[in-house]
Number of protein chains: 2
Amino acid sequence: MPEFTTLEHENLNSAVYGALCDALMQGRFQPGDRLKIRDLAEQFGTSVTPIRDAILRLVNDEAIVFRSPRDIRIPVMSESRYREIRSIRIKLEGLAAETAAQVATSAEIEILERIVRENEQAIAAGDRMKGTELNQAFHFMLPQIAGMPVLNGILRRLWLQMGPFISDAYLPGGRAMIDYHYPVIEALKRHDSAAASMAIVDDILLGGKPVLERILRGEKREARRA
Amino acid sequence: MPEFTTLEHENLNSAVYGALCDALMQGRFQPGDRLKIRDLAEQFGTSVTPIRDAILRLVNDEAIVFRSPRDIRIPVMSESRYREIRSIRIKLEGLAAETAAQVATSAEIEILERIVRENEQAIAAGDRMKGTELNQAFHFMLPQIAGMPVLNGILRRLWLQMGPFISDAYLPGGRAMIDYHYPVIEALKRHDSAAASMAIVDDILLGGKPVLERILRGEKREARRA
DNA sequence: ATGTCAAAAAAGATGCATCAAGTATCTTAT
DNA sequence: ATAAGATACTTGATGCATCTTTTTTGACAT
């Protein structure tokens, strides 16, 4: 069970939700992990009510599932589900990149470059945690630059579902998640929508290869057990 | 305040959520309507807890917003937000149509034809409620045929947000929402992905014109009031 | 009529007791 | 030693009391 980041929020409910989201996005939960409302309440030092609220929201996001009526768990990701999410991301992040390419300012492009630069350092230092965090930061900058808050929310939910699978998939090919970011930045600089879209699609397909492989390994393990 | 459909569910929480979703999707709430947990609890004949659970989920879906800490309301839709949602729908429903065209069975196509036929009758009978319901049923069949449950969930949330705006937008051009459904069915019959995608885009853009116009009227009214 | 302000009422957030259903553990007869 | 049944425990759902803050209301002055 991971440690949680304490967030200042308007209410406990949102603070817990935010902390659980962070933990999920950072891959600090393993697929199949069980969550217990009372345990979490003790960890957060609150009553069960704000925890239930947060859990229910996460269940609504499909980032957590009720395996049975009293059994709350981090779901496992099937190959077909991952492929579906990948198809959706290709369309949506493609749209974000297209739109961002049309409107990106040089200040915004500099932010992207800074993120990639920091990511280089994180990889060099072998800091996987920081690496995945900066990878996410890069991806979420595109809908933000594009001025698409609804899209941002949809992608946030998808990343929430992928969270438990991306963190430790990047061990082998450490550079995989970053090499494909440079062509995106170049396309944004040229305000080339088509190239930006294609570049982000490359990143999702090629950079995401280790993630798919990890999921396939996970499914094999499940199959062997059964 | 609308009447709610009572749904049999595993628990009260989900039953209330389902009923509120139905009400939202059917346009039985007006933008700006205020919801009160205690009032709803009385209407549903439950305590406040299951209502809070459901409201929180809807807030998470952005189908309901907290205008201020104690003021829960149906949000108004800005033009830019509607356009963003429309762009997203074009990509996602396009993907659903593409995929559906590749895998649709004749039985599934028959279901689509039946929906459109019933929709014709509803329009002829001037039954707006039934019309919007069947319009939705048509759109949600595509991700279902495509076998894309994640996509289905995303679109469901988007329709939840559009719900309060679509119902009464279809008064003037009653046929607008249905005429563009035929080319979709034809494309599915030919297993023509590209045509299916283009046909659903046409439906979203052209068939959705009255909705955009309604939103623009709503914004003008707001501006006048200020 | 309109704006201001204070008292009263309302409303969501939080904590907690209790319930029902499921799970684990222990007992006991074989 | 084992298996069936009984008992105790676990756990999310629900209801409800209470807290704090917001919203409403109404009196009053302009």
Side-chain angles (χ1 to χ4, degrees), chain A residues 1-2 4 6-21 23-24 29-30 32-75 225, chain B residues 1-2 4 6-21 23-24 29-76 224-226:
Chain A
M1 189 65 58
F4 296 109
T6 50
L7 303 176
E8 67 298 324
H9 257 86
E10 66 272 11
N11 58 26
L12 286 176
N13 165 354
S14 300
V16 174
Y17 178 76
L20 290 176
C21 282
L24 242 9
F29 284 110
Q30 289 302 307
D33 277 2
R34 185 169 177 193
L35 299 181
K36 294 179 186 177
I37 290 177
R38 284 170 172 83
D39 288 356
L40 288 171
E42 193 178 3
Q43 285 185 61
F44 281 99
T46 71
S47 75
V48 297
T49 308
I51 308 291
R52 266 194 84 237
D53 293 347
I55 296 268
L56 253 16
R57 286 171 66 180
L58 257 351
V59 169
N60 196 229
D61 292 335
E62 295 182 85
I64 290 182
V65 297
F66 276 64
R67 192 200 287 213
S68 70
R70 323 274 161 115
D71 194 1
I72 307 170
R73 286 179 191 269
I74 309 297
R225 190 181 308 167
Chain B
M1 190 64 58
F4 296 108
T6 50
L7 303 175
E8 65 299 324
H9 260 260
E10 68 272 13
N11 58 24
L12 287 176
N13 166 354
S14 300
V16 173
Y17 178 76
L20 289 176
C21 281
L24 242 9
F29 285 110
Q30 288 302 307
D33 277 2
R34 186 171 176 190
L35 300 181
K36 294 179 187 176
I37 291 177
R38 285 171 170 83
D39 287 357
L40 289 170
E42 194 178 3
Q43 285 185 60
F44 280 100
T46 71
S47 75
V48 297
T49 307
I51 310 290
R52 266 193 85 238
D53 294 347
I55 295 270
L56 253 18
R57 287 171 65 180
L58 257 350
V59 169
N60 198 230
D61 292 335
E62 293 181 88
I64 290 181
V65 296
F66 281 84
R67 195 206 291 229
S68 72
R70 321 269 160 128
D71 194 1
I72 307 170
R73 285 179 193 271
I74 309 297
V76 297
R224 238 194 324 274
R225 190 181 309 164

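The basis for the numbers below is simple: all heavy atoms, side chains too, and nothing from hydrogens, waters or symmetry mates. Letters A, B, ... are given to chains in the order of the sequence lines, protein chains preceding strands, and every chain is numbered from 1. The model shown is predicted, which means the values in this text are computed figures rather than measured ones.
Counting to the nearest Å, the C1' atom of D:dT11 and the CZ atom of A:Arg34 are 7 Å from each other. Between B:Arg57 atom CZ and D:dA13 atom C1' there is a gap of 14 Å when expressed in whole angstrom units. Atom CD1 of A:Ile51 and atom P of D:dA13 are 14 Å apart (whole Å). If you measure from atom CZ of A:Arg52 to atom C1' of D:dT11, you get 11 Å, rounded to the nearest angstrom. Atom CD in A:Glu42 sits roughly 15 Å away from atom C1' in D:dT11 (whole-Å rounding).
Qualifying side chain to side chain contact (heavy atoms under 4.5 Å, CB included) partners for B:Arg38, counting only residues two or more places apart in sequence or in other chains: B:Val48. Every residue two or more places apart in sequence or in another chain that forms a side chain to side chain donor-acceptor pair (under 3.5 Å) with B:Asn11 is listed here: B:Ser14. Under the salt bridge (charged side-chain N to carboxylate O under 4.0 Å, His left out) criterion, B:Arg67 pairs with B:Asp71, sequence neighbours left out. Applying the side chain to side chain contact (heavy atoms under 4.5 Å, CB included) rule to A:Leu12 yields the partners A:Thr46, A:Pro50; only residues at least two apart in sequence or on another chain are considered. Applying the side chain to side chain contact (heavy atoms under 4.5 Å, CB included) criterion to A:Val65, with sequence neighbours excluded, gives A:Pro75. Listed by chain and residue number, nothing satisfies the salt bridge (charged side-chain N to carboxylate O under 4.0 Å, His left out) test with B:Glu42 (two or more places apart in sequence, or in another chain). Under the side chain to side chain contact (heavy atoms under 4.5 Å, CB included) criterion, B:Ile72 pairs with B:Leu35, B:Ile37, B:Ile55, B:Ile64, B:Phe66, sequence neighbours left out.
Residue-level contact check: B:Asn13 touches the backbone only, with heavy atoms under 4.0 Å from sugar-phosphate atoms and none from bases.
Distance check, rounded to the nearest 0.5 Å: CG of A:Leu24 to OH of A:Tyr17 gives 9.0 Å. Residue B:Asp61 holds its CG atom at 4.5 Å from CG of A:Asn60, rounded to the nearest 0.5 Å.
Only A:Phe66, A:Pro69, A:Arg70, A:Ile72, listed by number, bring a heavy atom of residues 64-73 of chain A to less than 4.0 angstrom from any atom of DNA chain D.
Side chain of B:Asp39 to main chain of B:Lys36: no donor-acceptor pair is present (N/O by atom type, distance under 3.5 Å, no hydrogens or angles). Side-chain atoms of B:Arg57 do not come within 3.5 Å of backbone N or O of A:Arg57 as any donor-acceptor pair.
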Report, one pair per line, the protein and nucleotides 17-19 of chain D atoms (nitrogen or oxygen only) whose separation is under 3.5 Å.
none

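A nucleotide of DNA chain C counts as in contact with chain B when one of its atoms lies under 4.0 Å from a heavy atom; the first and last such, 5' to 3', are C:dA11 to C:dT14.
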